[in-house]
Trainee: 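Structure in structure tokens, see below.
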2 protein chains.
Amino acid sequence: MLDIPKRDRRAERRAATRAEILDAAWAQVRANGLAALSLRDLARTVGMQAPSLYSYFDSKHAIYDAMYAQGARQFVEAEPSDQPGDPLEGLKQLVRFYVGFCAADAARYLLLFQRTIPGFEPSAESFAISEGSLERVGQRMAACGITDPDAVDLFTAIGTGLTDQQLSNDPGGDRWIRLIDDAVEMFHDYMTKKAKQPPARRRAR
Amino acid sequence: MLDIPKRDRRAERRAATRAEILDAAWAQVRANGLAALSLRDLARTVGMQAPSLYSYFDSKHAIYDAMYAQGARQFVEAEPSDQPGDPLEGLKQLVRFYVGFCAADAARYLLLFQRTIPGFEPSAESFAISEGSLERVGQRMAACGITDPDAVDLFTAIGTGLTDQQLSNDPGGDRWIRLIDDAVEMFHDYMTKKAKQPPARRRAR
DNA sequence: GTCTATATTTGGATAGAC
DNA sequence: GTCTATCCAAATATAGAC
């Protein structure tokens, strides 16, 4: 008996329609803002009446959930994995990726990394991507010889600051994106210099 | 004829009621989020029916406008004005003030510095506070001998990054607030070192 | 100035025919 | 699976009596 994989044409069509709905949903939130997703408009866009959407998604939140999962998958699949030879370059690479990923789609950034949808909590997957990413940051930092426990917090602040300014004040441009390498060098210089100081010299607070 | 200032008791009462409404509006957005301001609930809180609010404000946007003006006034009145002797301390002071001001009231931060209310544009006053503040940043930076044109952008990215992380991941705490002084020293070290390098050494992009 | 009553729009979600 | 019809809730805003 030949091993022909069973194709379920009905399931395939259903998955295709789901994908089509999600694509339209992304287009809508990019155009009108993340919170302005309307099931009526969404249905019209894909040539349906609003109630028909419920054959594909249980609720509006379920659509956000699916969009979140898509965005999270895009993030982990695009994240640079292999550490380059220069450890400093490894840090730059992470920030370039993160800021670039966020700046490429503001709505996706808000959905994944900010909490702006009232009542929407992406549960486990949220921690998965952010903790996985934070772990990688820690590893690459250790490769640079940076062990200060505050270093990761300062590093993430730099990354989100560049992202926030880029999206808020120069969307579509590169005014803060082109500062990334300098910012990471600044961070690296400071942390490596600080590590050489005896702990007693650091002032108490 | 004695110079007794004319008191308009009616105008006083009206102003007091307006202030009462605004206080209730702030309480509501702090509790439910900036975008969740409901005129019905707001009216109930101050013991009115919803339509009565229109005797005090022309529209919901007018309430946001008044809230914006209040927040902007709070910002400029609390902003540190006199430059301390140590120029580096001057920079730290600015960031401490900005992050502290934002962290003290997340809803106010969103209204003043992020654009999250659809269709709400605070017009002239918005530029007034941010440009006035940016000007002060430039002055204090010059006092440190920092003249790099990118310095202000990098500095603001650090400030907003600390703010964003503090509000997003440790609201009410001080996990990023206590990194402010270190972050400013990091920035200062880097910019002063960079200034001593001959411009030719800086890589082209 | 404040109320009741209402207009109008828009939203998410459900019932049931086909 | 898709539709029509409908429900229900909430929103801003207006008209007009008192």
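Below, read A as the first sequence line, B as the second, and so on, with proteins coming before strands; counting in each chain starts at 1.
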Trainee: Using only heavy-atom distances, determine whether the side chains of A:Q28 and A:T45 contain a donor-acceptor pair under 3.5 Å.
Mentor: no
Trainee: Verify ring pair (Phe, Tyr, Trp, His ring centres under 6.0 Å) between B:F75 and B:F113, making sure each step is shown before the conclusion.
Mentor: CA-CA 11 Å; B:F75 186 84; B:F113 300 112; 5.5 Å; yes
Trainee: Which residues within residues 15-34 of chain B lie with some heavy atom under 4.0 Å of an atom in DNA chain D?
Mentor: none
Trainee: What nucleotide, of C:dG12, D:dA13, D:dA11, holds the atom closest to the side chain of B:R40?
Mentor: D:dA11
Trainee: Rounded to the nearest Å, what distance is computed from the CG atom of residue B:L39 to the C1' atom of nucleotide C:dT8?
Mentor: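 Value for this atom pair: 15 Å.
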Trainee: Taking CD from A:Q49 and P from D:dA5, how many angstroms apart are they, rounded to a whole number?
Mentor: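 Going from A:Q49 (CD) to D:dA5 (P), I get 10 Å.
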Trainee: Which pairs count as salt bridge (Lys or Arg N to Asp or Glu O under 4.0 Å) when at least one residue sits in residues 103-119 of chain A, sequence neighbours excluded?
Mentor: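 Only A:R30-A:D105, A:R115-A:E121 qualify under salt bridge (Lys or Arg N to Asp or Glu O under 4.0 Å).
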Trainee: Less than 4.0 Å between a side-chain N and a carboxylate O, is that true for B:D8 and B:R14?
Mentor: no
Trainee: Record whether the side chain of A:R14 comes under 3.5 Å of the base of D:dG1 through a donor-acceptor pair of N or O atoms.
Mentor: no
Trainee: Looking at B:Y56, I'd like to know whether one of its side-chain N or O atoms comes within less than 4.0 Å of OP1 or OP2 on C:dT2.
Mentor: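 Yes, because at least one side-chain N or O of B:Y56 sits under 4.0 Å from OP1 or OP2 of C:dT2.
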Trainee: As a test of reading the structure: which of D:dC3, C:dC3, C:dG1 is closest to the side chain of B:S55, going by heavy atoms?
Mentor: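 Of D:dC3, C:dC3, C:dG1, C:dG1 is nearest to the side chain of B:S55.
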Trainee: Looking at the side chain of A:K60, which of C:dG12, C:dA5, D:dT12 is the nearest nucleotide?
Mentor: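 The answer is C:dG12, which lies nearest to the side chain.
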Trainee: Just N and O in the side chain of A:S52: are any of them under 4.0 Å from OP1 or OP2 of D:dG1?
Mentor: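 The answer is no; no side-chain N or O of A:S52 sits under 4.0 Å from OP1 or OP2.
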